[in-house]
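The structure appears right after this line, and notes come after that.
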Amino acid sequence: MTVVSVSGGAFRSYDVVVGRALLARAGERIAPLARGRTVIVSDETVAALHGPALQASLAAAGVTSRILAVPPGEASKSFAELERLMDELLASGLDRKEVVVALGGGVVGDLAGLAAALYMRGIDFVQVPTTLLAQVDSSVGGKTAIDTPRGKNLVGAFHQPRLVLADIDVLGTLPEVQLRSGWAEVLKHGLICDAPFFDWLASDGAAGVTGDPAALERAVVRSVEIKSAIVGEDEKEAGRRALLNLGHTFGHAIETELGFEEAALAHGEAVALGCCMAFRFSAAQGLCAAEDPARVEAVMAAAGLPTRLGQTGAFSAEALLARMAGDKKAEAGGVTLILARAIGQAFTRKFDDPGPILAFLRDEGAA
């Protein structure tokens with residue numbers, strides 16, 4: 001078991017606990033925060049798989065709990081589900097000193113976290129992420145949000161959890177596509193600022209994408225260390241935290257055009273494709289060597305992740321550009337991209353003139 005502390009000047013520090021068999025011992029860690037009762041927010045699939053174990057652990061620690069389940073999938077990150085969840089929380093009678101527990105992947109964490117941020121002007125919540133993507137990314141850092149037809153994660157709040165419990169064992173129940181999706185975010189952390197970590201992921205660490213517990217635990221720990229260090233410096237994405245969005249501006253635009261249909265493209269798959277596009281665009285702009293995007297593509301492809309726009313569907317270059325310009329990272333009408341000078345050397349650049357991006361999207365196969 002490894003404990004990574006997330007701390008920053010603007011928020012209370014908290015621990016991210018990474019290890020095996022954590023779900024069975026979750027109650028003893030959550031009990032001091034729950035004051036005898038809690039509400040667990042989950043999705044219907046995860047609630048059936050892991051809800052009983054979490055409730056048993058809480059009960060053994062003297063905490064009564066109730067599960068509120070939402071439908072699985074990105075569509076639950078909506079105003080309708082947020083309203084329903086808020087009404088259920090109000091009916092539960094939780095007070096300001098109690099906590100909400102988010103048991104699930106990124107959708108559940110984002111939705112439950114936003115509900116906690118809004119409930120009685122903010123109550124504490126605990127993240128128990130059950131997907132690799134959530135363990136290495138969305139459960140850490142306090143970003144909570146829902147989607148709208150105009151884009152992904154455009155309505156939300158920064159609300160840090162009190163505790164994150166990342167149990168490696170629960171990853172054994174994941175479908176392959178979800179494991180690959182999370183692996184894309186792991187690779188992204190190496191691409192941002194840790195070339196040796198990326199090298200390990202491309203060699204011995206590659207066993208993680210097939211479910212090897214030891215490789216997964218090391219990958220989760222290092223990813224959390226990278227993200228926690230960045231979040232501690234820049235909680236609200238005023239500077240360096242934007243680097244964590246490598247691949248996301250391209251990826252979110254593609255996801256939005258597809259209507260957030262996970263059957264067509266999972267979020268991590270969109271991030272993998274977006275990272276490949278960011279490196280190819282960097283090379284086209286003369287910012288990095290041509291061999292860098294080739295290596296990124298090879299590693300992503302070896303993990304079973306998409307690397308080319310044509311693998312996911314047909315797109316309009318103008319429509320994708322409009323989505324990118326409407327991204328929450330955009331400023332004053334420009335498009336902000338996370339680019340790279342090399343593997344492990346990401347940086348931010350704003351484009352007031354969208355011409356080079358539009359030309360690139362057409363070169364990538366968009367009409």
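Using a cut-off of 4.0 Å between Lys/Arg side-chain N and Asp/Glu carboxylate O, Arg35 and Asp95 are scored as salt-bridged. Ion pairing between Glu257 and Arg323 holds under the 4.0 Å rule for side-chain N and carboxylate O. With respect to Lys143 and Asp110, no salt bridge is recorded, no charged nitrogen being found less than 4.0 Å from a carboxylate O. With respect to the salt-bridge test (charged N to carboxylate O, under 4.0 angstrom), the residues Asp234 and Lys236 do not qualify. Using a cut-off of 4.0 Å between Lys/Arg side-chain N and Asp/Glu carboxylate O, Asp137 and Lys188 are scored as salt-bridged. Salt bridge status for Arg362 with Glu318: present, with a side-chain N to carboxylate O gap under 4.0 Å. We find that Arg20 and Asp167 are not joined by a salt bridge, their nearest charged nitrogen and carboxylate oxygen being 4.0 Å or further apart.
In terms of hydrophobic clustering, with Ile, Leu, Val, Met, Phe, Trp and Tyr side chains grouped at heavy-atom distances under 4.5 Å, Phe158 and Leu114 are assigned to different clusters. Put simply, Leu309 and Val335 are part of the same group of oily side chains (I, L, V, M, F, W, Y) that touch within less than 4.5 Å, one to the next.
Judged by distance alone, the side chain of Asp15 and the main-chain N or O of Val17 form no donor-acceptor pair under 3.5 Å. A side-chain donor-acceptor contact under 3.5 Å links Gln160 to the backbone of Gly141. A donor-acceptor contact shorter than 3.5 Å is absent between the side chain of Thr2 and the backbone of Val221. Using modelled atom types, one side-chain atom of Ser42 and one backbone atom of Leu103 make a donor-acceptor pair closer than 3.5 Å. The backbone N or O of Asp199 lies less than 3.5 Å from a partner atom in the side chain of Ser203, making a donor-acceptor pair.
A 4.5 Å side-chain heavy-atom check between Val164 and Val126 finds every atom pair outside the cut-off. Using a 4.5 Å cut-off on side-chain heavy atoms (C-beta onward), Met277 and Glu364 make contact. Counting only heavy atoms from C-beta outward, the side chains of Val39 and Leu89 approach each other to under 4.5 Å. Annotation: side chain of Leu94 is in contact with side chain of Arg37 (closest heavy-atom distance under 4.5 Å). For the pair Ile338/Thr249, no side-chain contact is recorded, criterion being any heavy-atom separation below 4.5 Å from C-beta on. You'll find the side chain of Phe315 stays beyond 4.5 Å of the side chain of Leu361, heavy atoms only. A heavy-atom distance below 4.5 Å is found between the side chains of Val128 and Leu23. Val41 has its side chain out of reach of Val101: every pair of non-hydrogen atoms, C-beta onward, lies at least 4.5 Å apart.
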Evaluate the side chain to side chain donor-acceptor pair (under 3.5 Å) criterion for residues Glu74 and His267: first the C-alpha distance (whole Å), next the side-chain angles of each, then the deciding distance (0.1 Å), finally the verdict. CA-CA 9 Å; Glu74 190 76 21; His267 174 65; over 6 Å; no

Test log, rule side-chain contact (heavy atoms from CB on, under 4.5 Å), inputs Leu165 and Arg25: CA-CA 10 Å; Leu165 300 176; Arg25 306 194 304 273; over 6 Å; no

Evaluate side-chain contact (heavy atoms from CB on, under 4.5 Å) for Val16 paired with Val3, printing each intermediate quantity in order. CA-CA 6 Å; Val16 180; Val3 179; over 6 Å; no

Working for side-chain contact (heavy atoms from CB on, under 4.5 Å), residues Trp183 and Leu201: CA-CA 9 Å; Trp183 199 251; Leu201 293 169; 3.6 Å; yes

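Here the CG-OG1 distance, from Leu179 to Thr131, works out to 10.0 Å after rounding to the nearest 0.5 Å. To the nearest 0.5 Å, the span separating CG on Leu68 from CG on Asp87 amounts to 10.5 Å. The CD atom of Glu291 sits 12.0 Å away from atom CZ of Phe279, with the distance rounded to the nearest 0.5 Å. Atom CG of Leu305 is separated from atom CG of Leu187 by 7.0 Å, given to the nearest 0.5 angstrom. Here the CG atom belonging to Leu133 is positioned 5.0 Å from the OG atom belonging to Ser181, to the nearest 0.5 angstrom.
The number of heavy atoms from other shown groups lying within 6.0 Å of CD (Glu176) does not exceed 12. Within 6.0 Å of CD on Gln285 lie more than 12 heavy atoms contributed by other residues, nucleotides or ligands. By the 6.0 Å contact criterion, CZ on Arg29 is open, its count of non-hydrogen atoms from other residues, nucleotides or ligands being 12 or less.
In terms of heavy-atom proximity, Val107 sits nearest to Ser76 at CG1-CB, 4.1 Å.
The side-chain tip of Arg280 does not point at the ring of Phe360 from less than 6.0 angstrom away and within 45° of straight on. Within the cation-pi definition used here (under 6.0 Å to the ring centroid, within 45° of the axis), Arg222 does not qualify as a partner of Trp200.
In this pair, His248 and His252 present their aromatic rings perpendicular. The plane angle is above 60°, beyond the 30 to 60° band.
Ring pair Phe125/His159: centre-to-centre distance below 6.0 Å.
Partner of Leu82 under the side chain to side chain contact (heavy atoms under 4.5 Å, CB included) criterion, chosen from Val70, Leu111, Val155: Leu111.
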